[in-house]
Amino acid sequence: PCSGLGVISRRPDSKYKRKPQDLAQLTKLAGKIIKNALAQVKPDAHVAIVTCTLNPQENEQQIEKILKSNKAELACEIHPSSKDHLVEFFYGAILKKK
């Protein structure tokens with residue numbers, strides 16, 4: 001789950017559906033899902049995380065929290081260009097379980 005704020009050009013209703021408290025709840029839920037995914041895979045396996053937002057709380061800060069737990073390492077991080085002709089944004093990270 002993510003706020004979807006990176007696809008407002010395609011889904012303008014998103015900005016009217018979201019409230020500030022939604023971001024904290026979505027971030028917390030996503031963190032639980034990521035931790036659960038890492039718990040389900042064997043060491044050296046990879047887990048991909050993709051969101052359709054540029055919100056650092058849902059992206060980089062979320063990954064930093066996971067990495068601080070020392071249960072995974074960052075294998076790859078994707079930051080698409082803000083000059084993308086689609087005017088849509090997403091974030092991606094691949095974690096490798098330790």
Separation of E77 CD from I49 CD1 (nearest 0.5 Å)
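Answer for the CD1-CD pair, I49 versus E77, is 10.0 Å.
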Considering all heavy atoms of both residues, which atom of G31 and which atom of I66 are nearest to each other, and what is their separation?
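For G31 versus I66, the nearest heavy atoms are O-CD1, 4.3 Å.
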Please report the shortest heavy-atom distance between A30 and Q62, naming the atom on each side.
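Nearest pair, atom of A30 first, then Q62: CB-NE2, 3.6 Å.
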Side-chain heavy-atom pair I34, L95 within 4.5 angstrom cut-off
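In contact.
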Check: K97 and K71 side chains under 4.5 Å, non-hydrogen atoms
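Not touching, per the 4.5 Å side-chain cut-off.
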Quick one: which residue pairs count as a salt bridge (Lys or Arg N to Asp or Glu O under 4.0 Å) with a foot in residues 32-53, not counting sequence neighbours?
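Found D44-K96.
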Going by the rule side-chain contact (heavy atoms from CB on, under 4.5 Å), which residues pair with V50 if we only count those two or more places apart in sequence or in a different chain?
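Residues passing side-chain contact (heavy atoms from CB on, under 4.5 Å) with V50: F90.
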Pairing residues for K65 by the side-chain contact (heavy atoms from CB on, under 4.5 Å) criterion, not counting sequence neighbours:
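Expected list: none.
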[X]-[Y] co-clustered via ILVMFWY side chain contacts under 4.5 Å:
X: L67; Y: I94; value: no
X: V47; Y: I33; value: no
X: L74; Y: L38; value: yes

Indicate yes or no for a side-chain donor-acceptor contact from N59 to the backbone of T53 under 3.5 Å, with no hydrogens or angles considered.
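Yes; at least one donor-acceptor contact below 3.5 Å.
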T27 backbone acceptor or donor facing Q57 side chain under 3.5 Å:
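Pair absent, no side-chain N/O of Q57 close to backbone of T27.
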Go through Y91 and E60 one step at a time and tell me if the side chain to side chain donor-acceptor pair (under 3.5 Å) criterion holds.
CA-CA 9 Å; Y91 168 85; E60 297 88 352; 5.4 Å; no
